[in-house]
Each structure stands twice: as structure tokens, then as C-alpha cells.
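Values reported hereafter were calculated over all heavy atoms of this structure, with side chains retained and with hydrogens, waters and symmetry mates removed. Proteins come first, then strands; the chains are lettered A, B, ... in the order of their sequence lines, and each starts at number 1.
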Amino acid sequence: MTDRATQLLDWYDRERRDLPWRMEPGQNADPYKVWMSEIMLQQTTVASVKSYYKAFLEKWPTVQDLAGAELDEVLHLWQGLGYYARARNLHKCAVEVTRQYNGRFPEDEKRLLDLPGIGPYTAAAIASIAFGNKATPVDGNVERVVSRLFKVEEKLPKAKKKLAELAQTLTPQTRAGDFAQAMMDLGATICTPKKAACGLCPWMKECEARLKADPTDYPRKEAKKPKPTRTGYVFWLTRKDGAVLMRRRPEKGLLGGMMEFPSSDWQEKALSRQEAQRKAPAPALWSELEGTVRHTFTHFHLELKVLKGRISGNPPTTGVWVLPENLQDYALPTLMKKVVKKIFENR
DNA sequence: CAAGCGTGGTC
DNA sequence: TGACCAAGCTT
């Protein structure tokens, strides 16, 4: 075992955080729980994940339970966590593990990689954390820690391969799972993007970036493209009994499979209200609510104006009529919750 | 392989 | 207050 790995594992044994999906030392990890937490933690903070993790484990304690659920139930419980393709793949993966592997996750990275929603990081995380195999999951934390430890000048994302190779050289033959979690804990609590707590770092004395530069200047990154702003109109259409019209978004793409209120296209070139109303789900006397619903996605900003109307004539054939008090029964993305909030503010 | 894909917290 | 960032995957 390298000196560095020993230093980090010693630190981890002292400072290890107690997380819901983390087993006590010496206990066997449950691959289902490791998998569930790793999927949820993709691009998502520990603080956000905790309550979702508990809710999912309580509702579906085993992978077979999850495989038996309806996709809509899964999307519903996932609402607000974002990146909804994860929820769709989570369900698909549970079905595959149940059918192809008799409910037991495969142990090796290669077969884990074949499962939906499991990429190089997650395959290595499950292999090491759940099964104790020597594997090196490389996430944003590991990239940051390694880029500082070795003061890597090459910029991300180009540097990914080099950083992964350096991380592998650090991984010890035994306790690879603990080592992986230690690396991520270090990145999450000490070797943070801004204001790193170097004084508390087990690698303080050998960190090249600390010795020769400012660690927070690493990893180097390519400049990001600016986010455009798209705009559109969203329609809050009610009928006599107060029910509002909703529809399900297509399976693929943005907010796939989630429920929404009908809207015009969202585009960078602003639509006039006149043009937008032609895209309404039904003819109605529309009144525009004051203000704007703002939301930022990964690659664009969105500003929606809300048009409120009451059905006159024949109702649209597509869509679902939902009483506002029953909105909680449906999988609403945060954007659509903001629309609901705007409506209730204006009543 | 670059782009698409959410959301909430932080500074 | 707006940009940055978080235990990435898919196409």
C-alpha cells in the first residue's frame, strides 16, 4: 500500500461521515443501497439526496420491489431531484437486474457498465464500495483532489484521462471502496472548489498545488459557453369544476415523462402574445398574470409568462384534467411547481 | 464527442 | 445576483 493511500485511509477512519447509505465499518454493503445512492448522487449534492434516498428505500426496500413499481410512481417520488432520465433508467435497471441477474447486481465493472444509467464512475463505485473489488471511481471530487495533488496543468475536460490514470495509481490493493469514499469525502469537505481547508488535509505536505501555487486554481478548466435565454407562454386552462388541463411530456428529452401545463414553444426569439395564443390548447379568453416564472436549466435560462383562461366550448381531447388539490398526485418538475405557485399568488 | 440533461446552495 | 458548482450518463 502506498504511503499516500495509508495517510488518506487513516484520515477516513477518523473523520468518516455518517451517511444513510454508508455501512458501519466491517458491515457488508448492500449493493442495492450502494447503487441507489450512487445514481441519486450523480451531479447532485449529499444534502439534496438524503431525503429522497430514505423515501425510496422505505417504499422499495429491494430491487425486486422497485422492478415491480410503475414508472410513473418512480418519477413521482423522484420529482424535484432533477435529471429525470436517471429515474427512468433506475426503473429500467431494476427490471434488468431482477430478470437477468435474479435480483443480484453483477460484481464486475464490465457487466455493471451494461446496465442502464450506470456509466464508468458508477460501475467503479459499485464494484469497489459494494463488492470490495479494486476499482477507481473518478468523479468531480477525485478530479479536483488529484489535479491539485499532482498540480495538473492540462485543462478539463481534456485532462480527464490523465486524472483518471493518476487516481488509479493511488488506489490501494485492499480497501478500494473505503479509499474511493475517502477521496470523495476529502473533496467534499476539505479539498473543496473554493477556500480549501488545506490545514486539515492529510496530504497537506505532499500536495504539489499547495507547495507551488494556489490549490483553488485547480483543476484548470476550459471556459464555459454562455447560457441563452428562452421565453414562452404557459397556459393555465380550467373548466367549470375547477380542474386544470395538464399533459405528459414525451419520454425522451427535457423533463421526459413528467407532467406539465401546456405551453408554447420555448425559444430565444420571443413570441408575441398573439402568436402564443394560437398555440393554446383550446380557444379561451386569456388573461396574462403579472410577472414572470424564471427557471434555469443546465444549458439555458427560461422565462415564462402565464396565461390564465377558462374553457369555452369543447374540451381538448388530449391531456388530463386535474383538480388543483390533486396536483400532488402527479410528477411535477420544479418549473411547473413554480407555475402553480404563481397562479396561487394571484388568487 | 460535444451537447443535452435539473435543481438547490454558495459566494 | 448571476455564475459556479455537485458522488455523470447518454447519444
Side-chain angles (χ1 to χ4, degrees), chain A residues 17 19-22 33-53 75 78-90 92-93 112-130 135-145 156-158 160-161 163-164 167 177 179-189 191-196 216 219 221-230 249-258 260 266 294-303 331-338:
Chain A
R17 293 183 293 170
L19 301 174
W21 46 85
R22 201 166 264 182
K33 294 180 180 176
V34 173
W35 166 72
M36 178 71 73
S37 66
E38 291 301 340
I39 300 296
M40 288 183 168
L41 286 163
Q42 289 168 6
Q43 297 285 281
T44 309
T45 58
V46 165
S48 299
V49 163
K50 281 182 178 172
S51 64
Y52 286 86
Y53 173 82
L75 284 171
W78 196 274
Q79 72 176 356
L81 197 55
Y83 285 142
Y84 297 97
R86 290 185 295 171
R88 303 194 297 273
N89 284 331
L90 187 83
K92 197 184 298 180
C93 183
L112 284 164
L113 260 179
D114 284 336
L115 292 166
I118 297 182
Y121 163 78
T122 308
I126 296 173
S128 59
I129 298 170
T136 307
V138 182
D139 71 335
N141 288 307
V142 175
E143 287 180 343
R144 186 169 55 256
V145 169
L156 283 173
K158 208 169 190 177
K160 277 181 176 294
K161 189 174 177 184
L163 293 174
F179 181 80
Q181 294 179 87
M183 287 286 275
M184 294 188 277
D185 272 17
L186 186 69
T189 63
C191 196
T192 50
K194 300 162 189 173
K195 296 202 297 183
T216 57
K221 290 184 179 182
E222 292 291 350
K224 294 188 175 175
K225 290 180 181 172
K227 287 181 190 188
T229 297
R230 299 182 191 172
R249 290 181 62 86
E251 283 300 324
K252 295 193 171 182
L254 187 68
L255 307 177
M258 302 293 282
E260 68 172 1
W266 307 339
R294 294 173 194 280
H295 193 74
T296 298
F297 292 102
T298 309
H299 54 295
F300 65 93
H301 301 289
L302 179 63
E303 297 176 4
L332 288 193
T334 298
L335 166 64
M336 293 301 150
K337 290 193 170 182
K338 289 183 183 178

Across the strands shown, which category fits [X] at heavy-atom distances under 4.0 angstrom: base, sugar-phosphate, nothing?
X: L255(A); result: sugar-phosphate
X: P137(A); result: nothing
X: K227(A); result: nothing
X: P157(A); result: nothing

What's the gap between [N] and [M] when it is taken at their [atom1] atoms, as a whole Å value?
N: dA3(B); M: dA7(C); atom1: P; value: 23 Å
N: dC5(C); M: dC5(B); atom1: C1'; value: 16 Å
N: dT1(C); M: dG8(B); atom1: C1'; value: 15 Å

query: Rounded to the nearest Å, what distance is computed from the CZ atom of residue R88(A) to the P atom of nucleotide dT10(C)?
result: 12 Å

query: L254(A) CG to dT11(C) P: how many Å, rounded?
result: 16 Å

task: Answer whether the closest heavy-atom distance between the side chains of P137(A) and T122(A) falls below 4.5 Å.
output: no

query: Do R86(A) and W78(A) have side-chain heavy atoms sitting under 4.5 Å apart?
result: yes

- request: Show your reasoning for whether side-chain contact (heavy atoms from CB on, under 4.5 Å) applies to L41(A) and Y53(A).
  value: CA-CA 10 Å; L41(A) 286 163; Y53(A) 173 82; over 6 Å; no

field: Sole candidate of V142(A), V145(A), L156(A) that passes side chain to side chain contact (heavy atoms under 4.5 Å, CB included) when paired with L163(A)
entry: L156(A)

Interface polar pairs with nucleotides 6-8 of chain C, N/O, under 3.5 angstrom:
| unit_1 | atom_1 | unit_2 | atom_2 | d |
| --- | --- | --- | --- | --- |
| dA6(C) | OP1 | R144(A) | NH1 | 2.3 |
| dA7(C) | OP1 | N141(A) | OD1 | 2.1 |
| dA7(C) | OP1 | N141(A) | ND2 | 2.0 |
| dA7(C) | OP2 | N141(A) | OD1 | 3.0 |
| dA7(C) | O5' | D139(A) | OD2 | 3.1 |
| dA7(C) | O5' | N141(A) | ND2 | 2.6 |
| dA7(C) | O4' | D139(A) | OD2 | 2.5 |
| dA7(C) | O3' | L41(A) | O | 3.4 |
| dA7(C) | N6 | R22(A) | NH2 | 3.4 |
| dA7(C) | N1 | R17(A) | NH2 | 3.2 |
| dG8(C) | OP1 | G140(A) | N | 3.2 |
| dG8(C) | OP2 | Q43(A) | N | 2.6 |
| dG8(C) | OP2 | Q43(A) | NE2 | 3.1 |
| dG8(C) | O5' | Q43(A) | N | 3.4 |

- prompt: Hey, are E303(A) and T229(A) close enough side-chain-wise for a donor-acceptor pair under 3.5 Å?
  reply: no

query: Do E38(A) and Y121(A) meet the criterion of a side-chain donor-acceptor pair at a distance under 3.5 Å?
result: yes

- line: The answer to which of P116(A) and H301(A) contacts DNA chain C further toward the 5' end, by nearest nucleotide, is H301(A)

- prompt: Does atom NZ of K338(A) have more than 12 heavy-atom neighbours, drawn from other residues, nucleotides or ligands, at distances under 6.0 Å?
  reply: yes

query: Just wondering, are more than 12 heavy atoms of other shown residues or ligands nearer than 6.0 Å to NZ in K227(A)?
result: yes

5' precedence on DNA chain B between L332(A) and K195(A) (nearest-nucleotide basis): L332(A)

message: Reading DNA chain B from 5' to 3', where do the contacts with chain A start and stop? Cut-off is 4.0 Å to heavy atoms.
response: dA3(B) to dG8(B)

query: Mind checking whether F297(A) and W266(A) have parallel, tilted or perpendicular rings, split at 30° and 60°?
result: parallel

